[in-house]
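In what follows, a structure is listed as C-alpha coordinates, so that the remarks can point back to it.
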Amino acid sequence: LCIMDTATERIQEYFTGLMSIVDQSTKSQEDQLLMAGAMMAVAKTLYYDNLSEKEFNQMIDNNLRDLINLIKPTIH
(Lines give C-alpha, C1' and ligand atoms only; values in the text may rest on other atoms or scores of the structure.)
Protein backbone atom coordinates (compact mmCIF):
# COMPACT_ATOMS: atom_id res chain seq x y z
CA LEU A 1 0.00 0.00 0.00
CA CYS A 2 1.59 3.26 -1.09
CA ILE A 3 1.01 6.71 0.35
CA MET A 4 -1.06 7.74 -2.67
CA ASP A 5 -3.53 4.90 -2.09
CA THR A 6 -3.96 6.03 1.49
CA ALA A 7 -4.52 9.66 0.42
CA THR A 8 -6.98 8.54 -2.25
CA GLU A 9 -8.89 6.45 0.28
CA ARG A 10 -8.98 9.34 2.75
CA ILE A 11 -10.24 11.72 0.06
CA GLN A 12 -12.99 9.24 -0.80
CA GLU A 13 -13.97 9.02 2.88
CA TYR A 14 -14.04 12.82 3.17
CA PHE A 15 -16.08 13.12 -0.02
CA THR A 16 -18.58 10.53 1.20
CA GLY A 17 -18.86 12.29 4.55
CA LEU A 18 -19.38 15.69 2.95
CA MET A 19 -22.04 14.31 0.59
CA SER A 20 -23.79 12.79 3.61
CA ILE A 21 -23.80 16.22 5.30
CA VAL A 22 -25.27 17.73 2.12
CA ASP A 23 -27.98 15.05 1.99
CA GLN A 24 -28.88 15.58 5.65
CA SER A 25 -28.64 19.39 5.69
CA THR A 26 -30.25 20.53 2.46
CA LYS A 27 -33.86 20.50 1.35
CA SER A 28 -33.67 22.11 -2.09
CA GLN A 29 -31.42 22.66 -5.07
CA GLU A 30 -30.83 26.21 -3.81
CA ASP A 31 -29.70 24.83 -0.44
CA GLN A 32 -27.30 22.48 -2.23
CA LEU A 33 -25.83 25.33 -4.26
CA LEU A 34 -25.42 27.46 -1.13
CA MET A 35 -23.74 24.53 0.63
CA ALA A 36 -21.41 24.07 -2.36
CA GLY A 37 -20.42 27.73 -2.17
CA ALA A 38 -19.72 27.39 1.54
CA MET A 39 -17.62 24.26 0.91
CA MET A 40 -15.62 26.11 -1.74
CA ALA A 41 -14.99 28.95 0.70
CA VAL A 42 -13.85 26.47 3.37
CA ALA A 43 -11.54 24.76 0.88
CA LYS A 44 -10.03 28.10 -0.14
CA THR A 45 -9.50 29.04 3.51
CA LEU A 46 -7.83 25.70 4.28
CA TYR A 47 -5.56 26.01 1.24
CA TYR A 48 -4.63 29.56 2.27
CA ASP A 49 -3.88 28.49 5.85
CA ASN A 50 -1.81 25.43 4.93
CA LEU A 51 0.04 26.22 1.69
CA SER A 52 2.66 28.71 0.61
CA GLU A 53 1.39 31.62 -1.50
CA LYS A 54 2.73 29.96 -4.67
CA GLU A 55 1.14 26.59 -3.80
CA PHE A 56 -2.13 28.34 -2.89
CA ASN A 57 -2.30 30.19 -6.21
CA GLN A 58 -1.45 27.02 -8.13
CA MET A 59 -4.17 25.06 -6.28
CA ILE A 60 -6.76 27.77 -6.96
CA ASP A 61 -5.78 27.85 -10.66
CA ASN A 62 -6.01 24.06 -10.89
CA ASN A 63 -9.40 24.00 -9.15
CA LEU A 64 -10.77 26.72 -11.42
CA ARG A 65 -9.53 24.82 -14.48
CA ASP A 66 -11.16 21.61 -13.16
CA LEU A 67 -14.44 23.45 -12.56
CA ILE A 68 -14.41 24.95 -16.06
CA ASN A 69 -13.72 21.53 -17.58
CA LEU A 70 -16.55 20.05 -15.51
CA ILE A 71 -19.16 22.60 -16.62
CA LYS A 72 -17.87 23.36 -20.13
CA PRO A 73 -19.97 20.66 -21.84
CA THR A 74 -23.12 22.27 -20.39
CA ILE A 75 -22.29 25.82 -21.54
CA HIS A 76 -23.93 26.64 -24.88
Side-chain angles (χ1 to χ4, degrees):
L1 189 67
C2 75
I3 293 173
M4 188 60 123
D5 290 337
T6 302
T8 301
E9 290 170 1
R10 287 170 47 203
I11 288 172
Q12 183 61 50
E13 288 177 21
Y14 295 147
F15 178 86
T16 301
L18 289 170
M19 288 305 293
S20 178
I21 291 169
V22 171
D23 289 342
Q24 295 169 13
S25 303
T26 61
K27 296 180 176 78
S28 68
Q29 185 178 22
E30 181 182 7
D31 287 349
Q32 289 182 352
L33 294 173
L34 292 170
M35 177 77 75
M39 288 179 172
M40 290 170 65
V42 168
K44 190 173 181 178
T45 300
L46 293 174
Y47 290 149
Y48 183 81
D49 288 347
N50 293 287
L51 298 173
S52 70
E53 183 177 350
K54 180 180 177 182
E55 290 169 326
F56 170 80
N57 289 329
Q58 184 177 9
M59 186 65 71
I60 296 300
D61 288 346
N62 289 343
N63 287 347
L64 180 58
R65 197 169 19 257
D66 289 346
L67 179 61
I68 290 169
N69 287 334
L70 180 67
I71 64 173
K72 191 188 305 182
T74 63
I75 298 174
H76 300 287

Tell me whether [Y] is reachable from [X] by hopping between hydrophobic residues (I, L, V, M, F, W, Y) whose side-chain heavy atoms are closer than 4.5 Å.
X: Leu18; Y: Met35; answer: yes
X: Leu51; Y: Ile60; answer: yes
X: Tyr48; Y: Met59; answer: yes

Side chain to side chain, Phe56 and Lys44, heavy atoms closer than 4.5 Å: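 Side chain of Phe56 against side chain of Lys44, heavy atoms only: contact under 4.5 Å found.
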
Polar side chain donor-acceptor pair, Ser20 to Gln24, under 3.5 angstrom: yes

So how far is it from [X] [atom1] to [Y] [atom2], rounded to the nearest 0.5 Å?
X: Thr16; Y: Ile21; atom1: OG1; atom2: CD1; result: 11.0 Å
X: Ile11; Y: Thr6; atom1: CD1; atom2: OG1; result: 11.0 Å
X: Met39; Y: Gln32; atom1: CE; atom2: CD; result: 10.0 Å
X: Asn62; Y: Tyr47; atom1: CG; atom2: OH; result: 9.0 Å
X: Ile68; Y: Asn63; atom1: CD1; atom2: CG; result: 11.0 Å

Chi angles and distances behind the side chain to side chain donor-acceptor pair (under 3.5 Å) call for Ser52, Glu55: CA-CA 5 Å; Ser52 70; Glu55 290 169 326; 3.2 Å; yes

Intermediate values then yes/no, side chain to side chain donor-acceptor pair (under 3.5 Å), Gln12 and Thr8: CA-CA 6 Å; Gln12 183 61 50; Thr8 301; over 6 Å; no

